[in-house]
Each structure stands twice: as structure tokens, then as C-alpha cells.
J.: 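My questions will all concern the structure given below.
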Amino acid sequence: MQEMVIIWDWLGFAIRWLHVVTAIAWIGSSFYFIALDLGLRKAPHLPKGAYGEEWQVHGGGFYHIQKYLVAPEHMPEHLTWFKWESYSTWLSGAALLMVIYWAGAELYLIDAQKVELTQWQGILISAASLTIGWLVYDFLCKSGLGEKPTALMILLFLLLVAMGWGYNQIFTGRAVMLHLGAFTATIMTANVAMIIIPNQKIVVADLKAGRVPDAKYGRIAKLRSTHNNYLTLPVIFLMLSNHYPLAFATQYNWVIAALVFLMGVTIRHYFNTRHARAGNPLWTWAVTALLFVAIMALSLAPLQQDSYDDSEARALNRVETAFAEADGFEDVTDIVMSRCSMCHAREPVWDGIHRAPKNVLLETPADVAQHARLIFLQAGATQAMPPANLTWMEPEERARIVAWYTAGAGSLPMVLAAN
């Protein structure tokens, strides 16, 4: 069982690595083409049908790029489509969601203090929300609001705020931020897969058949591409937020997410304006700084966590019970209390630590049972914790953690034990 837990953790790491790499490719190409599009210049010598050009230098070479709003008179034999970066980012992100939040729903997804849900109910809500969110957004874009981009952006913002609030009524703080990021990323990828690429293919097919493409396809694709441009930075913040309890564990996490979306708008507006050579709106940085100060102020609110008494009194779930009843649980609890709880406490006593790292609390037997897998991985299978072994955890103590976890995991189905 130890090997399965370690393999499962490496699987999560590998998928996360893939997700980051593909996201870099997608975001990089997106930012590049936005900057390129805004930086195009008119020139008298442009070929027929060309909208603008740009000269660039990189890697010791010079690039001469020309943009056609429709297409050149003669279509090239080879045409590169920028779509797989988006698709692979979403697919790897979905896989990561399943491996961590669905397989580990009892620990990472569902907050029993907010609502009583079974694991499968939580997973169903998670999956359905991503699909329904895209359908609502797509309906708004295809309505008359598609001709009113500012009003549409405001409605999209309100939709994201409402989703953040809704997620916070059901899920853990980490899952709230992660799902809001996944919700937004689903909109962005669906824009590429369902709107932008199909519209471009219609235009290419018309050109090859000798027909004049309808200009509406370009306008529609441009609208969705603009939305993706402004949503990119908030998605990155939300995906990174699970490492920072000040962002996800406060009762105002959904408000923090809303302000992050506004920060994404101000930051992208600055760079879009600069790339278009339309000015230098330094005021956007002042607004961004004020929004960030507001976020820091909101993070000072009480964290979403059970009290010491509530932790001791609450009923354990199936997985927690298996580890609480396993041989060696009392010994491991004593080890964790003496070596880890000064930092992983509701009120940490270690100098310089204001909030428990990742909001992982290890003060009660119920806390230890709840975080059995993390304790095993961080202090049993590895020596990641305590950091630099500052509290002098002995090899024998780590061996006892491994033995206890193995005993508890052995009484559980493999998927539950690995999470």
C-alpha cells in the first residue's frame, strides 16, 4: 500500500508538470499573438488584403510578419493551427482535478461543516458546474449582448462572482478557488474549441471554395479571444492559490477571487494599451495596488476552520476512522503533537508563522486522522517535514509513522487509501 500511495502522488506530480508546461505554451502563444495583433502597423507596400505588418528580432534572426483579416489571395499549403496548447492544458487540468479533488473528495473537495454531501454528490456538482457555466456564458455571448461587449464583460464578471459564492457554500476553501479557476479555464478552452477554431475553419473552407467569407465569424472569434485575454491572469492566480491559506482559507475567499478578476483586467489593459501604442496608462498599476491591498485586508478575516473543541467532538469519516483505529495511532499522535503542532496549529506559536502552512491543522487526534496521507508523505516516506528537521524528528519516529499509515491504509480500498 505504501508503494501505491507514492505512485499516486507521483502521478499527481506528473500531471501537474504536464499541466504547467502546456499552460505555459498556451498562455505564451496567447500573449504573443495579442501583443502582435495590437502592434501591427500599416505600410504602403503591403500585399493586397493585408491588414498590417510587424518586424521582430529574436534568437539572432529577423521575422517579417503580415496579417490578413480574411486570407491572402492564394492559401498556403501548410497552415499552423494554435489549438492543441489550449486543449492539452484543459485535459491535463481535468485529470489533475480528478486525481486530487475527486479521488480525495472527502479531504479536499467537500466541507462537511457547510453541507452534508456524499463523495459522489460532490463530484457530480463539481463536473456539472463546469458544463453548466459554459452553457450560460455561451448563451449570453450569442444573445444581443454579443453586440455590447462592455455590458457582456460586466455580466461575465457577475457570473464569476456568483459562481465563487456558490462554490463557497459547498466546497473547501482550496476547492472553491480551484473550481473557480477550472470554471474560467473551461470557458476559455471551450471558446477555442467551440467558437474560435470552428469559425476559422469556416472561413478557410469558404476561401478554398472561392466564396467570400462572412465577416461575422471574425468578429465573434475576436470577442471570445478578448475574453480569454482578460481571464488568463486570474486563472493563474486561482490555480496557485491552493498553496496560500491566506487566499483560500478565509471566509471571504470568493470576494478575493472577484478582486483578482478585476486585477486581471487592469493589468491586461495596461499591456494591451502599450502594445497598441495607444498610451501609457500608469493609473492601472495604482488601481491594481489598491485592489491587492484590499485582498490582503480581507485575508485577515477569521480562517474557515473548525475550532479545537469542534475538532475533538466531530465524528470521523470512514477513512479517518481506519487510521484512528490502526495500530500505532496514539504514538503517532504524540509524535505529531510534539514535532509539528507548533506550526500546524489554529494559533501557531512558532515565531514568524501567523497561519498554519496550507491551513493543515495537527492539534487533535481527529486532525491527525484527517491528514494521515500528508503526514505519511511529508514526515514518513520523506523528510520534507519538519522543515530542515528543526524539531529533531528521529528516524525511529518516522518509521513509526510509516508503520501506522501502512496498517491503516491496509484496511481501506486502494483509491481511498491513496488519497
J.: If you look at every heavy atom in Phe237 and Met177, which pair is closest and at what distance?
T.: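 Phe237 and Met177 have their closest heavy atoms at CE2-CE, 4.2 Å.
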
J.: With sequence neighbours excluded, tell me which residues meet ring-ring contact (aromatic ring centres under 6.0 Å, His included) with Trp10.
T.: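 ring-ring contact (aromatic ring centres under 6.0 Å, His included) check on Trp10 returns Phe13.
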
J.: If you count every heavy atom of other residues, nucleotides or ligands that lies below 6.0 Å from His58 atom NE2, does the total exceed 12?
T.: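 Open: at most 12 neighbouring heavy atoms sit under 6.0 Å from NE2 of His58.
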
J.: Is the shortest side-chain heavy-atom distance between Pro348 and His354 below 4.5 Å?
T.: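 With C-beta onward as the side chain, the pair stays apart.
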
J.: For Arg398 and Pro386, which heavy atoms make the closest approach, and how far apart are they?
T.: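 In this case the closest contact between Arg398 and Pro386 is NH2-CD, 3.9 Å.
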
J.: Determine whether more than 12 heavy atoms belonging to other residues, nucleotides or ligands lie under 6.0 Å from atom CD of Gln383.
T.: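 Counting other residues, nucleotides and ligands, CD of Gln383 stays at 12 neighbours or fewer.
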
J.: Please check if the side chain of Ser225 supplies one atom and the backbone of Ala221 the other of a donor-acceptor pair under 3.5 Å.
T.: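 Judged by distance alone, no pair lies under 3.5 Å.
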
J.: Please round to the nearest 0.5 Å and tell me the distance separating atom CG of Leu130 and atom CD1 of Ile125.
T.: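 The CD1 atom of Ile125 is 12.0 Å from CG of Leu130, to the nearest 0.5 Å.
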
J.: Taking atom CG of Asp327 as the centre, report whether more than 12 heavy atoms of other residues, nucleotides or ligands fall under 6.0 Å from it.
T.: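 Incorrect, the count does not exceed 12.
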
J.: Taking Arg224 first and then Asp138, would you say they form a salt bridge - that is, a charged N and a carboxylate O separated by under 4.0 Å?
T.: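 Yes, charged N to carboxylate O under 4.0 Å.
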
J.: Please determine if Arg400 and Asp334 form a salt bridge, counting it only when a charged side-chain N lies under 4.0 Å from a carboxylate O.
T.: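 No, this pair does not count.
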
J.: Can you say whether the rings of Phe33 and Phe82 are parallel (under 30°), tilted (30 to 60°) or perpendicular (over 60°)?
T.: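 The arrangement is perpendicular - the two ring planes meet at more than 60°.
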
J.: With a 4.5 Å heavy-atom cut-off, do Leu38 and Phe271 have their side chains touching?
T.: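 They are not in side-chain contact.
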
J.: Surrounding CD of Glu330 (heavy atoms of other residues, nucleotides or ligands, distance under 6.0 Å), is the total greater than 12?
T.: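 Counting other residues, nucleotides and ligands, CD of Glu330 stays at 12 neighbours or fewer.
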
J.: Return yes if some donor-acceptor pair links the side-chain N/O of Glu363 with the main-chain N/O of Arg346 below 3.5 Å, else return no.
T.: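 Present.
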
J.: Decide salt bridge (charged side-chain N to carboxylate O under 4.0 Å, His left out) for Glu106 and Arg373; before the verdict, give the C-alpha distance in whole Å, the side-chain angles of both, and the deciding distance to 0.1 Å.
T.: CA-CA 12 Å; Glu106 290 182 319; Arg373 174 178 173 273; over 6 Å; no

J.: Is any side-chain heavy atom of Thr184 closer than 4.5 Å to one of Phe261?
T.: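 Yes, at least one pair of side-chain atoms sits under 4.5 Å.
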
J.: Donor-acceptor check, side chain of Asn242 to backbone of Arg174, threshold 3.5 angstrom: yes or no?
T.: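 Not confirmed, Asn242 side chain does not pair with Arg174 backbone.
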
J.: Verify ring pair (Phe, Tyr, Trp, His ring centres under 6.0 Å) between Trp285 and Tyr270, making sure each step is shown before the conclusion.
T.: CA-CA 8 Å; Trp285 292 111; Tyr270 174 80; 5.3 Å; yes

J.: Does Phe248 reach the side chain of Ile256, with side-chain heavy atoms less than 4.5 Å apart?
T.: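 No, every pair of side-chain atoms sits at 4.5 Å or beyond.
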
J.: Does the gap between the ring centers of Trp404 and Phe323 come in under 6.0 Å?
T.: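 Close enough - the centres of the two rings lie under 6.0 Å apart.
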
J.: So how far is it from Thr189 OG1 to Glu85 CD, rounded to the nearest 0.5 Å?
T.: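 Reported to 0.5 Å precision, the distance equals 11.0 Å.
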
J.: Are Arg314 and Gln370 side-chain neighbours, meaning at least one heavy-atom pair lies under 4.5 Å?
T.: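 Side chain of Arg314 against side chain of Gln370, heavy atoms only: contact under 4.5 Å found.
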
J.: Answer yes or no: are there more than 12 heavy-atom neighbours, outside Tyr244 itself, under 6.0 Å from its atom OH?
T.: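 At most 12 heavy atoms, drawn from other residues, nucleotides or ligands, come within 6.0 Å of this atom.
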
J.: Walk me through it: do Cys141 and Leu152 pass the test side chain to side chain contact (heavy atoms under 4.5 Å, CB included)?
T.: CA-CA 7 Å; Cys141 289; Leu152 181 58; 3.9 Å; yes

J.: Is the shortest side-chain heavy-atom distance between Lys358 and Leu374 below 4.5 Å?
T.: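 Answer no - side chains too far apart.
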
J.: Can you measure from CD1 (Ile187) to CG (Leu159) and round to the nearest 0.5 angstrom?
T.: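 Separation between the atoms: 6.0 Å.
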
J.: Could you tell me whether the side chains of Asp367 and Thr364 share a donor-acceptor contact shorter than 3.5 Å?
T.: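 The answer is yes; a qualifying pair exists.
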
J.: To the nearest 0.5 Å, tell me how far Thr172 OG1 sits from Tyr108 OH.
T.: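 If we round to the nearest 0.5 Å, Thr172:OG1 and Tyr108:OH are 10.0 Å apart.
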
J.: Are Tyr137 and Asn191 close enough, and set up right, to give a side chain to side chain contact (heavy atoms under 4.5 Å, CB included), and what steps lead you there?
T.: CA-CA 10 Å; Tyr137 163 78; Asn191 276 340; 3.1 Å; yes

J.: Is the closest side-chain heavy-atom distance between Thr22 and Leu91 below 4.5 Å?
T.: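 A side-chain contact under 4.5 Å is absent here.
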
J.: Is the side chain of Arg274 donor-acceptor paired with the backbone N or O of Asn280 at a distance under 3.5 Å, no angle test?
T.: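 Side chain of Arg274 to backbone of Asn280: no pair is present.
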
J.: Can you give me the closest heavy-atom contact between Gly146 and Leu223, atom names plus distance?
T.: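 What the structure gives for the nearest pair is O-CD2, 4.0 Å.
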
J.: For the pair Thr250 (side chain) and Ser299 (backbone), establish whether a donor and an acceptor sit closer than 3.5 Å, ignoring hydrogens and angles.
T.: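 A pair under 3.5 Å: no.
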
J.: Do you know the tightest heavy-atom contact between Val176 and Gly164?
T.: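 Of all heavy-atom pairs spanning Val176 and Gly164, the closest is CG1-O, 3.9 Å.
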
J.: For the residue pair Tyr101 and Ser126, confirm or rule out a side-chain donor-acceptor distance under 3.5 Å.
T.: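 Absent: no donor and acceptor within the cut-off.
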
J.: Quick check: closest heavy atoms across Met188 and Thr232, and the distance to 0.1 Å?
T.: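 Answer, listing the atom of Met188 first, then Thr232: CE-OG1, 3.5 Å.
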
J.: Would you say the side-chain atoms of Thr273 pair up with the backbone N or O of Gly279, donor to acceptor, closer than 3.5 Å?
T.: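 No; judged by distance alone, with no hydrogens or angles, the pair does not exist.
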
J.: Could you state the interatomic distance from CD (Glu320) to CG (Asn317), rounded to the nearest 0.5 Å?
T.: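 The CG atom of Asn317 is 3.5 Å from CD of Glu320, to the nearest 0.5 Å.
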
J.: Check the pair Trp120, Leu124 against side chain to side chain contact (heavy atoms under 4.5 Å, CB included), reporting the backbone distance first and the verdict last.
T.: CA-CA 6 Å; Trp120 289 109; Leu124 183 61; over 6 Å; no

J.: Could you tell me whether the side chain of Ser92 and the main chain of Ile15 form a donor-acceptor pair under 3.5 Å?
T.: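 Not at all, since once roles are kept as given, no pair shorter than 3.5 Å links the two residues.
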
J.: Flag yes if more than 12 heavy atoms outside Met194 fall under 6.0 Å of its CE atom; otherwise flag no.
T.: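 No, the 6.0 Å shell around CE holds no more than 12 heavy atoms from other groups.
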
J.: Between the side chain of Ser311 and the main-chain N/O of Tyr308, is any donor-acceptor distance below 3.5 Å?
T.: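 A pair under 3.5 Å: no.
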
J.: Ignoring hydrogens, what is the shortest heavy-atom contact between Leu238 and Leu180? Give both atom names and the distance.
T.: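 Of all heavy-atom pairs spanning Leu238 and Leu180, the closest is CD1-C, 3.9 Å.
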
J.: On the 0 to 90° scale, with breaks at 30° and 60°, tag the Phe171-Tyr167 ring pair as parallel, tilted or perpendicular.
T.: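 Phe171 and Tyr167: parallel rings.
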
J.: Report yes if some heavy atom in the side chain of His179 is under 4.5 Å from a heavy atom in the side chain of Leu109; otherwise report no.
T.: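 They are in side-chain contact.
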
J.: With a 6.0 Å cut-off (strictly less than), is the heavy-atom count around CH2 of Trp81, excluding the residue itself, greater than 12?
T.: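 Yes, the 6.0 Å shell around CH2 holds more than 12 heavy atoms from other groups.
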
J.: Look only at the side chain of Thr186 and the backbone of Ala182, and say whether a donor-acceptor pair between them is shorter than 3.5 Å.
T.: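 Yes, because the side chain of Thr186 sits within donor-acceptor range (under 3.5 Å) of the backbone of Ala182.
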
J.: Ignoring hydrogens and angles, tell me if any N or O in the side chain of Lys114 forms a donor-acceptor pair with the backbone of Asn168 under 3.5 Å.
T.: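 Yes: the side chain of Lys114 pairs with the backbone of Asn168.
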
J.: Can you confirm whether Trp165 is buried at CH2, in the sense that more than 12 heavy atoms of other residues, nucleotides or ligands lie under 6.0 Å from that atom?
T.: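 No, the 6.0 Å shell around CH2 holds no more than 12 heavy atoms from other groups.
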
J.: I would like to know whether Arg339 and Trp392 meet side chain to side chain contact (heavy atoms under 4.5 Å, CB included); could you show each step before the answer?
T.: CA-CA 7 Å; Arg339 306 297 190 186; Trp392 301 97; 4.1 Å; yes

J.: Enter the distance from Ile236:CD1 to Ser241:OG here, rounded to the nearest 0.5 Å.
T.: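 Ile236 CD1 to Ser241 OG: 12.5 Å, rounded to 0.5 Å.
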
